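Okay, so here's the structure we're looking at.
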2 protein chains.
Amino acid sequence: MNIENAQVQMRKGILEFCILHIISRGEVYASDMLDELTSARIMVVEGTLYPLLTRLKNSGWLDYKWVESSSGPPRKYYVLTDEGKIFLDAMQATWFELAESVQTVIHRTEELSKTASSNLPEPN
Amino acid sequence: MNIENAQVQMRKGILEFCILHIISRGEVYASDMLDELTSARIMVVEGTLYPLLTRLKNSGWLDYKWVESSSGPPRKYYVLTDEGKIFLDAMQATWFELAESVQTVIHRTEELSKTASSNLPEPN
DNA sequence: ACATGGTACCTTGCATCACAAAGTACCTGT
DNA sequence: ACAGGTACTTTGTGATGCAAGGTACCATGT
């Protein structure tokens, strides 16, 4: 295991949440999402995004329609279903709770590192 | 896929970070960690924690020593190695960047939902 | 000595999922 | 017809969370 791998792990699940968010704004297709995620510094590649979209579609949270493009092959434009909106709300609540839990852990470490310093050898 | 599953996914990777944080405070054994994580409302079970500790140990970020208990079997007390401290710092930076990226996505959705309302059908 | 219950750590097997890589298909310009 | 760009799809691999079951140690009561 290395740091890159750990960073990837940390992003899992968050990705799903961010993609739902982007789709909630209105109809978008995959390349739109890639641009948006990249600009938010959340790196994703096609091999991750397309299977993820298919999974969300099969779960009933997304729907799509084919739209002809004036330059290139047709595109799948995705929208959130009503169920998807409910799911997104639940994910957002989970995100805030998780962020708060992590903050709790970080904060407690900082608190304890003050009081616990008396147990450590003195610095040079 | 269901909401519970999605919540589990979202927690992946974060767990590793939180466990390193807890160990960074001083020597602890697995049950200590479970208590601490539970009190921060981050649910973990033994089947997750033990393999994770083994992985972190094998990666060189943790070390442990056996300590006799006055009541029960001996315990493995874990500490961070120097490499582990560096890794923890990197994980913490990643966490803050990730939280900021997610905040960017949420914020942009809120902004666009204001201006984009003119494109939607009027409510009844 | 033996059984029981509690604590602590470990292992196996399964399902999920990110990702790389390779493939398919459509459109435009020359 | 061919080349190049865009868009979507599929296959295979490796990592890993977790449920379930297992092993081992200790203290207590009889």
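Every chain is numbered from 1, with letters handed out A, B, ... down the list of sequences. Small disclaimer: the values here were computed from a predicted structure and weren't measured.
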Interatomic distance where [atom1] belongs to [X] and [atom2] belongs to [N] [whole Å]:
X: B:E16; N: D:dA15; atom1: CD; atom2: P; value: 13 Å
X: A:I42; N: C:dC19; atom1: CD1; atom2: P; value: 12 Å
X: B:E68; N: D:dA24; atom1: CD; atom2: P; value: 17 Å
X: A:L53; N: C:dC17; atom1: CG; atom2: P; value: 14 Å
X: B:M43; N: D:dA19; atom1: CE; atom2: P; value: 13 Å
X: A:L49; N: C:dC17; atom1: CG; atom2: P; value: 15 Å
X: B:L56; N: C:dC9; atom1: CG; atom2: P; value: 15 Å
X: A:I14; N: C:dA18; atom1: CD1; atom2: C1'; value: 14 Å

Output the single nucleotide from C:dC19, C:dA18, D:dC18 whose closest atom is nearest the side chain of A:V45.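 Among C:dC19, C:dA18, D:dC18, the one nearest the side chain of A:V45 is C:dC19.
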Phosphate contact (C:dC17 OP1 or OP2) by A:R55 side-chain N/O below 4.0 Å: yes
Determine which pairs satisfy ring-ring contact (aromatic ring centres under 6.0 Å, His included) with at least one residue from residues 37-57 of chain A, sequence neighbours left out, and list them in order. none
Might you work through the side chain to side chain contact (heavy atoms under 4.5 Å, CB included) test for A:I106 and B:F96, ending with a clear yes or no? CA-CA 11 Å; A:I106 293 175; B:F96 284 127; 4.1 Å; yes
May I ask you to list the residues sharing a hydrophobic cluster with A:V45, side-chain cutoff 4.5 Å, ordered by chain and number? none
May I ask you to list the residues sharing a hydrophobic cluster with A:M43, side-chain cutoff 4.5 Å, ordered by chain and number? none
Not counting sequence neighbours, which residues clear side chain to side chain contact (heavy atoms under 4.5 Å, CB included) with B:T81? List them please.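 For B:T81, the residues satisfying side chain to side chain contact (heavy atoms under 4.5 Å, CB included) (neighbours in sequence not counted) are B:D63, B:E83.
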Name every donor-acceptor pair, under 3.5 Å, that has one atom in a side chain of residues 72-79 of chain A and the other anywhere in the protein, sequence neighbours excluded.
unit_1: A:R75; atom_1: NE; unit_2: A:Y29; atom_2: OH; d: 3.4
unit_1: A:R75; atom_1: NH1; unit_2: A:Y77; atom_2: OH; d: 3.3
unit_1: A:R75; atom_1: NH2; unit_2: A:Y29; atom_2: OH; d: 3.2

Pairwise N/O distances under 3.5 Å, protein to nucleotides 5-10 of chain D:
unit_1: D:dA7; atom_1: OP1; unit_2: A:Y29; atom_2: OH; d: 2.6
unit_1: D:dA7; atom_1: OP1; unit_2: A:R75; atom_2: NE; d: 3.1
unit_1: D:dA7; atom_1: OP1; unit_2: A:R75; atom_2: NH2; d: 2.9
unit_1: D:dA7; atom_1: OP2; unit_2: A:S31; atom_2: OG; d: 3.2
unit_1: D:dC8; atom_1: OP1; unit_2: A:K76; atom_2: N; d: 2.6
unit_1: D:dC8; atom_1: OP2; unit_2: A:Y50; atom_2: OH; d: 2.7
unit_1: D:dC8; atom_1: N4; unit_2: A:E46; atom_2: OE1; d: 3.3
unit_1: D:dT9; atom_1: OP1; unit_2: A:K76; atom_2: NZ; d: 2.5
unit_1: D:dT9; atom_1: OP2; unit_2: A:K76; atom_2: NZ; d: 3.3

